[in-house]
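By convention in this document, chain letters (A, B, ...) are assigned in the order of the sequence lines, proteins followed by strands, and residues within each chain are numbered from 1. Only this structure's heavy atoms are used, side chains among them; waters, hydrogens and symmetry mates stay out.
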Amino acid sequence: MLGLLWLIPAIPFASALALAVLRFPRKVVAWIAVSSIAASSIISLLVTFSFLHAPPAGNAYTEVLWTWMRVGDFRPEIAFYLDPLSLIMVVVVAFVSFLIHLYSTEFMAGDDGYSRFFAYMNLFVASMLTLLLANNLLLLYLGWEGVGLCSYLLIGFWYRDPENGLAGRKAFIVTRVGDTAMLIGLFLLFHDLGTLNIQELMQRAPQHWHLGAGAAVAAGLLLLGGAVGKSAQLPLQTWLPDAMAGPTPVSALIHAATMVTAGVYLIARTHVLYSLAPPAQFAVAVVGAATLLIAGFSALTQWDLKRVLAYSTISQIGYMFLALGVGAWPAAILHFMTHAFFKALLFLAAGVVIQALHEEHNIFRMGGLRKKLPVAFWTFLIAGCSLAGLPLITAGAFSKDWILWGAASAANGSMGFWIVALIGILLTSLYTFRMIFLVFFGEMHSEVTKKPGMAMLIPCIVLAFLSIAGGYVKTPFAHFLETALPWNAAAAGAVHISEIGSETVAGLVFLLGLVLAYVLFLRSRSYAASLTDNAAGAALHRFWFSDWGMDWLYDRLLVRPYAWAARIDKGDLIDGFYSGIAELNVLAWRVLGLTESGRLRWYAAGIAAGSIIYIAVVLFL
Amino acid sequence: MTEVPLAYGLILGGILFALGLAGLLMRRNLLFILISIEIMLNGAGVAFVAAGSRWGQPDGQIMFLFILAAAAAEVSVGLALLLRFYRQRHTLDANRANEMRG
Amino acid sequence: MILLWLIVVLVGGGLLAWLAARIHPLLCRWISLAAVLVDLALALFEASRHLSSGNAGMNTWFEQVDWSWIPQFGIHFHLALDGLSLLLVLLTLVLGVVSVVISWSAHIKALGFYHLNLLWILAGILGVFLSLDLFLFYFSWELMLIPMYFLIAIWGGERRTYAAVKFFLFTQLSGLLMLIAILALYFAHYHATGVYTFQYTALLGTPLSPHTAMWIMLGFFIAFAVKLPMFPFHTWLPDACAEASTATNVILAGLLATTAGYGMIRFLFPLFPGAFRAFAPVAMTLAVITILYGAILAFSQTNLMRLLAYASISHLGFVLLGIFSGSGIALQGAVMTLIAHGISTSALFIVAGSIEDRTHTREIGVMGGLWDTVPRLSGAGLFFALASLGLPGLGDFVGEFLILLGTYRAHTAMTVVAACGVLAATFYALRFVQRAFQGPNLRPWRLPDLALREGLTLGAMMVVLLWLGLYPQPVFHTFAQAANHLPALWR
Amino acid sequence: MTASDMLALLPLLLIAGSSVAVLIAAAVGRNHAVAFGLSLSGLAASFCSVFFVPATQVTALLDIDGYALFFFGLISAASFAVALLAYGYLRNRDIDKEEFYVLLLVATLGAMILAASSHFASFFLGLEVLSIALYALIAYFGDRPLPVEAGIKYLVLAASSAAFLLFGIALVYADLGTMDFARIEHILAANPNPNLTLLLPGVALVVTGIGFKLALVPFHMWTPDVYQGAPAPVTAFVATVSKGGMFALLLRYFAQSGINRFAPALLVFTIIAIASMLAGNLLALLQSNVKRILAYSSIAHMGYLMVALEVGGAIGASAVVFYLVAYFIMTLGAFAVVTVLSAEHRDADQMEDYRGLFWRRPVLALVFTAMLLSLAGIPMTAGFLGKFYILAAGAAAGSWALILILVIASTIGLFYYLRIVVILYQQPGDANQPLPLRMPAASLVLAALTVILVWLGVYPSWMLQAIHTAIGSLL
């Protein structure tokens, strides 16, 4: 059964190829696209059962398809590696992808790029699965770039509006900045350890590098560079809000559930490296902590429903990074899973709302949709609660509380991280309920023009179920991940705080956020408005709204100088040198041409002068 | 008869040559230019004779004869061309022979 | 003998095609196509014969032709084939087929003469790849220029004269410097051994003082650097590309650069190992500058062909970097990049040419929204733009990755800067895609999409790039065999 | 003078004889065809005689060695080609044609004497025979202004430069007491520290005379005017036979008189070479008259030859001779094209006359292209091998600076050759191009020249062998 592994990415890839090259009627397109992902999901489930039923040796299975290249001692393979970590990721990705594909068949029904859309989507799934299953970093990089590409293509899917294209380009370029760092990281790893096979790397790293070795730190930081790019973490987070220009299912699939968590996966996958490089791991935690705060504040100020969700995603991935940074590996993965469920659901439900209101994105023009779109409301509410961390019931609460506790008590935890994480919970709760209250409560501002069909509702309902149930697997989950990601709950962290205590505090903070949101955005909106009425408040609002001015900064510091340098040298200044030589020759031609005056006596004088000069030369030189 | 020193002969030839050259460069009339060239050739001839006398050989004088013959031929062709030139342009000004330049 | 036939078929085919054009244009096209296809078949036959045997390192050369040509100078007509030449010969002929096919329906004045030049330049390029006598090498090297000059000067755009003359002057001057270097080596060898010979194999290991070796190597280097082209000798290429027709651009950007890379690999290190090493830091610095400079300028261009030309310059900087890095892996990457770049850049020029055929413009500002009307063409453009920006899974990535991987060992800082070149490639490639294909179709363009012939050509090139990207082993295998023959190869 | 001497002089005698024959024939009855036929057969016979004439020193004046015979062959072949060109060119003109052939034969004779001269006296005689015939040839169309102007310019300058030459010879003679090249060498070799105050200025003045004929800088200024004014076949003759004969002499003088042992003399040659290469090519850069371009280009080519001359030795001498052969072929070819395209009232010397030639007469355009590319030194042509040979000679002697300048100069030169080539392939304009005369003989010449051009460019061994033999007798 495990032998079917290669089919998991191969089927979507084949389907993408077919959709790109051949032309089918719409129904067939939808059928091919969805069934290919369904097939992948089913195979992934089969593989899971097989894996659980008869675990392979070492609790890991490698399937080599072929040797990619053999150049000197560099011999990467096209090979897939299955262990509990990749298994969980694959199953979640395949399954969520399936649901979102199903949703898309209806959501995109009216679009003239139907086939193109699904080709891109299938290609994305194939790349994502390749990324997860890769047994070496080069193949992982292939998937990594592949998902980046699909992200670019899908953000700019509605290419007629140049804004969308620019957003896609920004996303691709910003993530590629990170990718370049990662690429250099690969060179470093190969240079020092002589392989890019992940498992070999993990074995060799402790042999070659002592704890805290400079090379290990450098490698960890370079890979972190790739991770922050892909996962939209500080300082490369600026692309994700703009990426919301893509169709909503794309936001759900790529920019919430799957691709953006690739960075988390990468760091988890190479966790041995980070264990060897405490400064790098600390950087991961700091990045996560800083991002979750910054994005949380930004989320508070957005008026675009999808941008709120985008900042929320950044913030949640910040949690995952924090978990990785402090060493609470399985917590990060669990949060990835629950986040995949509830954030995908939030986007899908938001998509229902947006489509129902005729492409209205502004939450201040929504309101009172509770009655008109009940399914959307209830599923959005469930997902929102999960996101904000409604204790005991929702999946999100389980994973987040785990991270919170880990932030304090895990190997590298500290009180500071715990407090930051706690503030994050307050912010999350606040912006989540702000969103819910503004969209579904209060007065109606817009007419509902379209009711969702079953293809859109069923995925929402399934995901709503998962957003609640997904958290109950925490203990078997940790156990299952044991071989891939060791988790020592009793690790002597810096701060001793009981798990129950931490959870209780978190629950209270959640409630505080809920109440605050209720007061500010449902009971007395004027009070919220008065906060931004004064100059300082308005400035702060603008500052947060513009993502802490990072876009502005990058534009001035990097984009404009580059464009300026390119523009002034458009005509290639080097060519001026050659033109100068040509001009010089022409000048010489003109001057010499004067000697050809056509005058006989001048010519004779030339002869006389020449002979006199030569006589002088022979006599005096 | 005492021998004339080589230097005297050469200097005389040189002066003649220089005079011819000066005429060539200064006169605008083509006829005078031809005459100047004759003077230059004769200057060379004098030098030859002087050189021949230094070595006691007839070669110098023979060369002088060659020069005379060649000069005569050149002048005859030259005069014919001058005639043509005058017919076409009604002048013998050498500066007018500048239709081709550049 | 097959080696000789490879050249003779093209030369003869060119003449025949020229004559046939007076009878019927189609006959001329078919003869040209047949000639290139026959050649390709011959080359493939060679490949199958020698690669399947797998006797790497047993024979120095797969096949040789060696006749005395001008005995007074010790000049031989010496052709030989090894893995490196084989790869590049195959690339040449594949692109040759492509260039004949894409000229198929275009209205071309003086059709026969056009095909004569097309086939003869291919013959010249084959001569470069196959020559083992330095005189013959130079002979072929220069002979490539004339058909290329005609192709630009007769079938080019508005400023074709300027472009053609510029091309010719740059390459000629640098070529003559190489000739001087060849002669210097020739006499140095004579003084050392008392034998007059231009034979590559004999000249290997000529004892030279470091000073002399450096000067002679520079003579070779400059010819290759101009042809590559390397910063700051690159300015002829954008001008040439901006004026040349599509098929010409395929050869110009896809093949001429390859000859330069080939020359560096074949001659520079094996003949002057010491000088090569001493010069490597300078060359690598120039390579890195080339990479970045090309990428930045590509970003600012508005003429599509110039954009692609600068992009091509940037990619070729990687080749230079790989060759001079002194790493076997990077060298393999350089060969791979030569091949992949040959295919992908040619394909981009074909796409650009197809756009120009339809819209009659090369200005990307005037295009826009083409996806609406020519989705297949746009898709192809996207695909090759992605190849150009180094998307993993396609051939270009494999080459550039290996170059950087290998270079890292030699020079970390340069690798880091060069890796930024990969990033910069994203800027111009995406800008091209965006300006040409995306955005609103304002004009609005209503154009025919790819014809079957164009579609098949581009499709085949996509398949090749994917193949190179996912299973490049045959290429590495072939070159590894050749690498054994390069003495004291890059350890 | 023995019978074997007479036999050795046969090539010269045949030319001289045929010139007399043409004169007599013309006296009997004017007939263009007869004069043409007689000249051709004389030239052909002279060419053939070269192959069996024994090498002999005929008096102190003429050294009919392998080297001289080689040049006899080259010169007579070139004159043969010029005669063929002239036939079509003259045929339809209202002018006496027979004297043209007489003058042509006499000029050829002069050039041949130069090639065989081993003595200053024969040098001077050959020079005068050549020059005086050329004055008349250049101004052959005496009723037109340009040829007459060209003739007068050439006459005045040639005569005055001859005066320089003679004065120089006189100084050398005064110093050394001999005008025989071989004896000069002998005397110089015997006396390691000669008195140079007379000798070196003498040599400089001799160089002036030679430099004028070869159009070396700064004695070059007449060249474009004469090239432009003279009828195209005569220009071809001036460019090839006249310069070729003179260069043959220069090489012999250089190789045999031991003049190359004086550093100042070599310095002069170096200056001349560099100045000629650069000035020649730069002067032609944007010139719009094809004949003038070819004139300037010939200055540069003489500069290249000077580089090889200076290198000396067997390789330098062979390079000179091979390059001269190539230069003869491509220059004749280029002027043949000019001739073929010339109309009755004027020569096709304007750039515009060539616009779009490829589309009207593709073969002619390709031939012209081949000639121009050969002049530029592109492979597959004799010009390439010539340049290769010169570079090889320079490299052998280690004259890196000189060959570097050569390379730069020839790149500049490439520019204007390409300018003409470009014009050939442009779309024809509507300018009134001259309606060319029909010239089958000239086409034959072109075909033959093209074949030899490519033949030498691809397979030069036989020629190299012949040159090797010829040089053997010189050194």
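- D:Trp222 has its ring centre less than 6.0 Å from the ring centre of D:Phe212.
- Of the two parts of D:Leu283, the backbone and the side chain both hold a non-hydrogen atom closer than 4.5 Å to a non-hydrogen atom of chain A.
- Of all the listed residues (D:Ile412, D:Ile272, D:Leu267), the one sharing the greatest number of non-hydrogen pairs under 4.5 Å with chain A is D:Ile272.
- The part of D:Pro224 that comes within reach of chain A is its side chain, from C-beta onward, which places non-hydrogen atoms under 4.5 angstrom from that chain.
- Highest contact tally toward chain A, considering only D:Ala265, D:Pro218, D:Ala284, is held by D:Pro218 [criterion: heavy-atom pairs under 4.5 Å].
- When each of D:Ala263, D:Gly202, D:Pro264 is checked for heavy-atom pairs under 4.5 Å with chain A, D:Pro264 comes out on top.
- Side-chain contact of D:Lys213 with D:Ser161: a donor-acceptor pair under 3.5 Å is absent, judged by distance alone.
- Heavy atoms of D:Phe164 lying under 4.5 Å from chain A belong exclusively to its side chain.
- Relative to the ring axis of A:Phe157, A:Arg116 places its NZ or CZ within 45° and under 6.0 Å from the centre.
- With hydrogens and angles left out, the side-chain atoms of A:Trp158 and A:Asp111 include a donor and acceptor closer than 3.5 Å.
- D:Phe181 and D:Phe120 have their aromatic ring centers within a separation under 6.0 angstrom.
- Proximity to chain D (any heavy atom under 4.5 Å) is shown, for A:Val591, by neither the backbone nor the side chain.
- Between D:Phe219 and A:Tyr603, the distance separating the two ring centers is not shorter than 6.0 angstrom.
- Neither the backbone nor the side chain of D:Val203 comes within contact range of chain A; no heavy atoms are under 4.5 Å apart.
- Between chain D and the options A:Gly598, A:Ala582, A:Ala588, heavy-atom pairs under 4.5 Å are most frequent for A:Gly598.
- No side-chain donor-acceptor contact under 3.5 Å links D:Gln350 to the backbone of D:Asn289.
- Within the 4.5 angstrom heavy-atom criterion, no atom of D:Phe415 approaches chain A.
- The contact between A:Ala608 and chain D is made by backbone and side chain atoms together, counting heavy-atom distances below 4.5 Å.
- Both the backbone and the side chain of A:Ile607 come within less than 4.5 Å of a heavy atom in chain D.
- Taking the six-membered ring for Trp and the full ring otherwise, A:Phe118 and A:Tyr114 have centroids separated by under 6.0 Å.
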